[in-house]
Amino acid sequence: MLSRYVQAYNEAVFETDKQAALAVVDGALQDGYSPEDIVFNLVIPAVEAMMARIEQDPDSNLAQHFMTAQIASEVTERMLEKFASPPEAIGKVVIGAAYGDLHSLGKRIVIGCLKSLMVDVIDLGINIRAEQFVDRAVENGAQVIAISAMMVHTATGENGSIKVRALLKERGLEDKIKLAVGGAPYRFDPELYKKVGGDAWAPDGVTAAKVIIQLIKEVNA
Amino acid sequence: MTPLEILAAAINGDPAPRIPIFCNLLDQGARELNMHSQDYFARGECVAEAQLRMLKRFGHDNAWSLHYVGKEAELLGCQKILFADDGVPNVEDFVIKNWDDIAKFEVPTDITQHQAWQAIDDCLSILRAEIGQTHAICAYVTASTTLPALLMGMDNWMELFLTGPVDLRDELLRKCVDFFHQHINALRAAGANVLIYSTPFGSPYLVGNKIIEQIVLPWMKLDLQPGGVDDVVYYCGMAPFNGVIDLVFDQLGITSHYISPLADLAEAKRLINTRGLTCGVIDDIKMIHWTEAETKAEVKRIVEIGKQGGHFLFGNGVMPLAVPEVNIKAMITAAFEYGQLT
């Protein structure tokens, strides 16, 4: 039964023990489970379990979020190469750090989780202008623009999310592209996302993946 | 009583007319002097002048020596800081670009001879002469376990810290401890009398308790033991750390704790009690959009939780530039009003 692997994998991730988590995956493969089984019945449930755990215990730590994302994306990447046929992506996201912001940890956590949950991610990097976010989202047919900002001025400044919102409005794209925001300042003021034009926000990188998927579903509905 | 005496009374539990009131205005100084932040931070005498002007205008108890995130990275070889018009400076060029750079990375033999130190020294010498006997002069020292985030980026450091080779991680940390000792000694010698020990990896919000106890704590001991902790404030970069307060008392001996606005202040006060100083901190990001009345109400709430039994200080985090000055004034006025002890 894969369930015993699920438990061992979840414990390894929770303990931020990457080697132990990868050993669980190797063990499951050796026992004959398919790469599809590993991704859909081990990795994705583990990411979802971490999401649920964060909801119940907001004090779960950043290292756990980071390792959840890193292990999930690494295993998913390895397994995807072995899939019988490539899985269908559930949507597309353009992600980056706000203009003037050079922090990449939060973005990296979100990307890792999204990839393992079968979302196509276009990573624009750090210090990204508002026009770039919108242009690249349009070019790629993305349903969501996700903007990470770790400093107050990059979260609230005129060249960040506020300008992206203005551009979406100006170009008549607000029904086609949703805007998700995240980063430390939003944790201190949970209403801040509305003031900068966000459709949604998340207090951490793992939850951000969940929020972004919900926005994709809204656009696709 | 001078502000410094009021601070000492709060720490020791002695009688005083009011609680100490800290207001951290690091980036407002450039605006005060109508300068761009890059020019402002390049001249220590300007930073000191702005700190003294704001101290006079607002009447709080502390001034800040020259600091921005990245200053320590400059002392360690960082060549590029991104200065913003509307916010805090930010490290743009990492000294350690890959793990191979760790072996080549060297701490200067004497950081006070480094060009980047001069402005700090200029600032502190003025502050020490003007208010050294009467006010708290704060300086910021980043813990060895957090310094690598400034040198290689938080995500790269997190990866090395959690999954990389232990010997490589420890080689980098040893170098960071060497720097830390030089830095804290130099700040003390130059006149800083309150050292804010910034140690986000000492918060259970960042890493689990097991990692704190087994990995982070031993390095924090190495940071702090040589110079003592009487003037040191435990601070986790605004992350909550109530869960390790007892550990910090027992293992590090630090008695002053700068509590996150996201933490339960009443719980922190219970844990610290009369053993040390509880610093109740307002969420100054919310102050961007609050009214004066909302700001005052929050100060009242915090002070009423903390001031019973003494051993309490009111403060803020790092005041965002977007906070209107009327709210800064409202915060300080309310802290004086509600912080009366007699």
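On a predicted model such as this, the values are computed, not experimentally measured, just so you know. Order of the sequence lines fixes the chain letters, A, B, ..., with proteins taken first and strands second; residue numbering starts at 1 for each chain.
Ranking A:T156, A:L105, A:T16 against chain B, the residue ahead of the rest is A:L105, based on heavy-atom pairs under 4.5 Å. Per-residue heavy-atom pair counts under 4.5 Å with chain A were compared for B:L82, B:L206, B:I285, B:N156, and the maximum is reached by B:L206. Ranked by heavy-atom pairs under 4.5 Å with chain B, the list A:A184, A:G106, A:S104 is led by A:S104. Between chain A and the residues B:D85, B:I211, B:D283, B:D155, the largest count of heavy-atom pairs under 4.5 Å involves B:D155.
Looking only at side-chain heavy atoms (C-beta outward), B:L162 and A:Q70 stay at 4.5 Å or farther from each other. B:M154 has its side chain out of reach of A:F66: every pair of non-hydrogen atoms, C-beta onward, lies at least 4.5 Å apart. The shortest side-chain heavy-atom distance between A:M67 and B:T163 falls under the 4.5 Å cut-off. The shortest side-chain heavy-atom distance between A:L62 and B:V207 does not fall under the 4.5 Å cut-off.
With a 4.5 Å cut-off on non-hydrogen atoms, A:K195 touches chain B through its side chain but not through its backbone. Using a 4.5 Å cut-off between heavy atoms, B:D86 touches chain A through backbone and side chain atoms alike. In this structure, chain B has no heavy atom under 4.5 Å from any part of A:I126. No part of B:L321 comes within reach of chain A, as not one of its non-hydrogen atoms sits under 4.5 angstrom from that chain. Interface remark: A:F188 contributes backbone and side-chain atoms alike to the contact with chain B (heavy atom separation under 4.5 Å). Neither the backbone nor the side chain of B:V69 comes within contact range of chain A, judged by heavy atoms closer than 4.5 Å.
Shown here is A:E77, whose CD atom has no more than 12 heavy atoms of other residues, nucleotides or ligands within 6.0 Å. A 6.0 Å sphere centred on NZ of B:K300 holds no more than 12 heavy atoms belonging to other residues, nucleotides or ligands. For B:N34, the CG atom counts as loosely surrounded, since its 6.0 Å shell holds 12 or fewer non-hydrogen atoms of other residues, nucleotides or ligands. Heavy-atom neighbours of A:R129 CZ from other residues, nucleotides or ligands within 6.0 Å: at or below the threshold of 12. Within a 6.0 Å sphere centred on NZ of A:K169, other residues, nucleotides and ligands contribute 12 heavy atoms or fewer.
The residues B:K286 and A:E191 are annotated as not salt-bridged, no charged nitrogen and carboxylate oxygen being separated by less than 4.0 angstrom. For the pair A:R108 and B:E159, the salt-bridge criterion is met [side-chain N within less than 4.0 Å of a carboxylate O].
One distance of note links CH2 of B:W290 with CG of A:D189; it measures 8.5 Å at 0.5 Å rounding. Atom CG in A:N61 sits 8.5 Å away from atom CG in B:N209 (nearest 0.5 Å). Separation of atoms CG (A:L102) and NZ (B:K80) is listed at 9.5 Å; rounding is to 0.5 Å.
In plain terms, the two heavy atoms of A:H153 and B:A84 that are nearest each other are NE2-CB, 3.5 Å.
Exactly one residue among B:D27, B:I288, B:D284 makes a side chain to side chain contact (heavy atoms under 4.5 Å, CB included) with A:V152. That residue is B:I288.
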